[in-house]
2 protein chains.
Amino acid sequence: MPTDLRRPQRTYTIRQLCLEFKCTPRALRFYEDKGLLTPARDGMNRVYSYKDRARLKLILQGKRVGLSLAEIGEILDLYDLDDGGAAQMAKSLRKFKERIVALESQREDIDRAIQELKVGCNNLEQKLIATRPDLLPRAADYDQMLRQRLDGLEHAGAK
Amino acid sequence: MPTDLRRPQRTYTIRQLCLEFKCTPRALRFYEDKGLLTPARDGMNRVYSYKDRARLKLILQGKRVGLSLAEIGEILDLYDLDDGGAAQMAKSLRKFKERIVALESQREDIDRAIQELKVGCNNLEQKLIATRPDLLPRAADYDQMLRQRLDGLEHAGAK
DNA sequence: GCGGCATCTTACGTTAACGTCAAGATGAGC
DNA sequence: GCTCATCTTGACGTTAACGTAAGATGCCGC
């Protein structure tokens, strides 16, 4: 039967993890510098355990939701602690809720900015209609723009 | 009759503008370094005209909606140009629309992150309820938190 | 002539998360 | 023994928008 690439006793090289999670060796070493990862060594070379892989997964999840590496570190530090993860979970919960509040505030800022910009757009369009309607973007231009963006997405491959 | 502090022929010192727009001298000099402002001089000292003041106003508006100083500069450069502002308006319009698209995309990212975090919160709460309900934040804590945040807002003065 | 204040220029410091060399070690394959 | 590929450890570079001294200049009133 085929080897389960993720069974708990497996180990990983730096490159394997990078390929799996689409990051660079430099990033993993950086996380190590920051104390977020502490892989074993085989001679000079780093050897990542299944637990290291789990931690990396959490790091990347944290990054996706906008936590700083420092905050992620605080959470991870509790993983190796006392009551089987309860303290860690409680801390994560707090951090998560804080982040939700911060994100919602950010979204409000963004909504305000969008409103302000839309007002600005309307003003500009009115003035341009009155003075230089030839400078207004036309439907054809918009169409072109859309096609360019779709092109970009294709060339970038699967996102 | 009282002097109109904003009549077109007025001039301003760096400090006056800073007070009016709540920014620092360092910021104005920085904008000048970047070519966004070019105040006249009286000996060594900067003398800002009414037009300079208008440009500063635009700079700060641009910043509020998240345009970089470089982008703001592109727009401002067209102010001193050809067709009485039409080109500038057209460019502003493009930039504004680009920014709206970018902001809407950013908002989607934020919404995704919030969703992910809420899922995480639910998971954590379920697990904590099952294992260590004593570690769950209680209504009293939440109340306290709210009061602290209100305090913070008050001490910070008018936003 | 002097304290005090506003202004000036110059230039390094800050923050986050890595990117980008550089230079050397190691093992595999031929 | 040679080359290749991969790994290692430094250590400086990047980006944005200023902050923060440090030290000079200049005007005012007294």
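Values below: all heavy atoms of this structure, side chains included; hydrogens, waters and symmetry mates excluded. Each chain gets a letter, A, B and so on, in the order its sequence line appears, and its residues count up from 1.
- Nearest nucleotide to the side chain of B:T13, out of C:dT7, D:dA11, C:dA25: C:dT7.
- When distances are taken from the side chain of B:S68 to each of D:dC7, C:dC8, D:dA17, the shortest belongs to D:dA17.
- Straight-line distance from the CG atom of A:L37 to the C1' atom of C:dA17: 14 Å, rounded to whole Å.
- For D:dA17, the OP1/OP2 oxygens have no side-chain nitrogen or oxygen of B:Y31 closer than 4.0 Å.
- When the P atom of C:dG27 is taken as reference, atom CZ of A:R15 falls 18 Å away, rounded to whole Å.
- Using a 4.0 Å heavy-atom criterion, one finds that A:R29 contacts the bases of the nucleic acid, with or without backbone contacts as well.
- Taking the charged nitrogens against the carboxylate oxygens, B:E71 and B:R99 have no contact shorter than 4.0 Å, which rules out a salt bridge.
- Going from atom CD1 of A:I14 over to atom P of D:dT9 covers 9 Å, rounded to whole Å.
- What separates CD of A:E32 from P of D:dC7 is a distance of 14 Å, to the nearest Å.
- Contact check, A:K63 against C:dA16: no side-chain N or O comes under 4.0 Å of OP1 or OP2.
- Using a 4.0 Å heavy-atom distance criterion, B:K34 is classed as making no nucleic acid contact.
- With rounding to whole Å, B:D33 atom CG is found 10 Å from C:dT9 atom C1'.
- Checking the phosphate oxygens (OP1, OP2) of D:dT9, a side-chain nitrogen or oxygen of A:R41 falls inside 4.0 Å.
- The residues A:K97 and B:E125 are annotated as salt-bridged, a charged nitrogen and a carboxylate oxygen being separated by less than 4.0 angstrom.
- Residues A:M89 and B:T131 have side chains in contact (heavy-atom distance under 4.5 Å, counting atoms from C-beta outward).
- Atom-to-atom, CG of B:L60 to P of D:dA17 comes out at 13 Å; the value is rounded to the nearest Å.
- Contact check, B:T24 against D:dG19: a side-chain N or O comes under 4.0 Å of OP1 or OP2.
- Contact annotation: B:R46 reaches the phosphate of C:dC8 (side-chain N/O to OP1 or OP2, under 4.0 Å).
- For A:Q16 and B:R26, each mapped to the nucleotide of DNA chain D holding its nearest heavy atom, the one lying further toward the 5' end belongs to A:Q16.
- To the nearest angstrom, P of D:dT14 lies 17 Å from CZ of A:F30.
- Rounding to whole angstrom units, CG of residue A:L28 and C1' of D:dT6 are separated by 15 Å.
- Residues A:D52 and A:R55 are not paired through a salt bridge, judged by the lack of any N-O separation under 4.0 Å between the basic side chain and the carboxylate.
- Between B:E20 and B:R10 there is no salt bridge, since no side-chain N of the basic residue sits under 4.0 Å from a carboxylate O of the acidic one.
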